[in-house]
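Have a look at the structure below, then the notes.
Naming convention: chains lettered A, B, ... in sequence-line order (proteins, then strands); numbering from 1 in each chain. Only heavy atoms go into these numbers, but all of them, side chains included; no hydrogens, no water, no symmetry mates.
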2 protein chains.
Amino acid sequence: MAAGRKDARRNYERLLTAAQAAFAEHGVGASLNDIARNAGVGNVTLYRHFPTRQALLEALLGESLRGLRTRADELLTSPAPDEALSTWLDGAVEHAMTYRGLVDALVDSLDDPASDLHATCQAVKDAGAQLLAKAQQAGAVRPDLDASVLFSLIASVAWASERTPAHRDQLLAVMLDGLRKGASPATIERAS
Amino acid sequence: MAAGRKDARRNYERLLTAAQAAFAEHGVGASLNDIARNAGVGNVTLYRHFPTRQALLEALLGESLRGLRTRADELLTSPAPDEALSTWLDGAVEHAMTYRGLVDALVDSLDDPASDLHATCQAVKDAGAQLLAKAQQAGAVRPDLDASVLFSLIASVAWASERTPAHRDQLLAVMLDGLRKGASPATIERAS
DNA sequence: ACCTGAACACCGTTCAAGT
DNA sequence: ACCTGAACACCGTTCAAGT
C-alpha cells in the first residue's frame, strides 16, 4: 500500500477498520458485503484490495502473528527451555483466539500454500519448532513430537478455549503436562 | 416414526439416507436443499421431518452416540480405571469425527438446551464423568478436572484430528499423558 | 395429513459501465 | 486507475396451494 490514488488508500484503510470490527463482532465468517457497506465502499472494491478472506486476515493480523517469531527468538535465550516453550505456547494460543473461527482459517492456511496466510502460519510454526527442539534437547519435552503436531496442539486448545473460555487454563495445563516427558511412557494402547 | 402415512415414512427414510451421504461427502454443513433433492423430496418435507440440522444429526447419530454411555458402563467394571478411561476417550474421539464439522455441532449442542442434540451430548458427557471420577479416585488422573473439561478435551482432539488425521494418535497421547498425574504436578496440591 | 413449486432475503462473486 | 450498481448462482426458510 505504498503509492496509488488517494481515494484508493483511504478505501483500503476504511475496509480494514470495518473488517476488524466485523470479525470482532461476528467472527471471521462475517459477511464481506456488510464489511464493504460499513466501509462505505462498493463490494468489488473490497475484492480488488483483498481478493480473499485470508488476505483480509493477513492484513489485519500478519504483523502481530509474525511477532510470535520475534518472541520465540527472545525466549530461545532463556535458561529454562521448558518454561520458555510454555510461555510461548500460552501466547500463541491467545493469538489464535483473536477472532471467533480464526483458528480454522489458520489451520487451513498452513495446509494450503496458495493461501494468503500460509507464509505467516509457517512462520509461527517455525518459531514453535525452535523452542520445541531446544526443550526436547534439554529432555524436558517428549521427543516424539514435531512442530507440525505442536501447531495442531495450539490450534486444538485455542479452538476449544474459544468456545468455552472458562476451560482455557485447564486445557492449556493438560497440554503442557502432556508435552512433558512423563513418568508414564508415551505409547498408548489402542483396541486391536 | 411409528405410524403415519406410508409415503411419509418412505420420505423419512429417504431423507436419512440422502443426509448420511451428503454429510459423509461434504461435512455437516452440506446443503439441505441438495439433501432434499437427492432424496427426491420437496425441501419443505425435509423441514417438517427435521426442523433443524441438529435434528437430522440426532436421527443419524443419536443411537450410536448414546452407545458411548453403554460402553462406559461396561468399562466401569474394569479393574484398571486409567486404562478404561483411555479406551473410552479413544472411542469418543472416533465418534466425534464421524462427519467433518460434527464436533462443532456437538459442542454447540451441549451449551444449548434447546438443541435436538443436547440430551445426547449430555449423555456422552455424563458417561465420561463416571469414568473420570473412578480414575480420579484411583489417583490415576489429576483431580482438578471435571466432565465438562473432559468433553472439551475430547472435542479439541477430535477437531484437530479431523483436519490432520495423521496427528490423531499423537494428539491423543499428549492428552492422555496430560490427564495423568504427572511427575511434575505444578498445579496439584499434594496431601502429605 | 402430507406434499410441492415458488418466493423471500440472504451470501460470495463477477458483470458491464461509469468518472 | 479506480470505482459502483446490478446481476448471477447459491444458501436456508417460509409462502400459498395442491392431493
Any base atoms under 4.0 Å from A:Ala30, or only sugar-phosphate, or nothing? Heavy atoms, all strands.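 The answer is sugar-phosphate, as A:Ala30 gets under 4.0 Å only of primed atoms, P, OP1 or OP2.
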
Taking side-chain contact (heavy atoms from CB on, under 4.5 Å) as the criterion, tell me which of B:Glu94, B:His95, B:Lys125 meets it with B:Leu68.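 It is B:His95, the one option of B:Glu94, B:His95, B:Lys125 that forms the side-chain contact (heavy atoms from CB on, under 4.5 Å) with B:Leu68.
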
Between D:dA1 atom C1' and A:Tyr12 atom OH, what is the distance in whole Å?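 Nearest whole value for this atom pair: 18 Å.
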
Rounded to the nearest Å, what distance is computed from the CG atom of residue B:Leu46 to the P atom of nucleotide C:dC2?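 For the pair B:Leu46 CG and C:dC2 P, the rounded distance is 16 Å.
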
Any B:Arg48 side-chain N or O less than 4.0 Å from OP1/OP2 of C:dC2: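 So the side chain of B:Arg48 is outside the cut-off, no N or O lying under 4.0 Å from OP1 or OP2 of C:dC2.
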
For C:dT13, which nucleotide is its Watson-Crick or G-U wobble mate, given both distances must be under 3.5 Å? D:dA7

Checking base pairs now: Watson-Crick or wobble, both atom distances under 3.5 Å. What partners C:dC2? D:dG18

Do B:His167 and B:Ser161 have a side chain donor and acceptor closer than 3.5 Å?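 B:Ser161 and B:His167 do not have a side-chain donor-acceptor pair below 3.5 Å.
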
Decide whether B:Asp116 and B:Thr52 meet the rule of one side-chain donor and one side-chain acceptor closer than 3.5 Å.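 Present: a donor and an acceptor within the cut-off.
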
Minimum-distance nucleotide (side-chain atoms of [X] versus [options]):
X: A:Tyr47; options: D:dC2, C:dT14, D:dT14; result: C:dT14
X: B:Ser31; options: D:dC15, C:dC3, D:dC11; result: D:dC11
X: B:Asp7; options: D:dG12, C:dC11, C:dC3; result: C:dC3

Given side chains that start at C-beta, do those of A:Gln130 and A:Asp126 come closer than 4.5 Å, heavy atoms only? no

Under-3.5 Å donor-acceptor pair between B:Asn43 side chain and D:dT13 base: yes

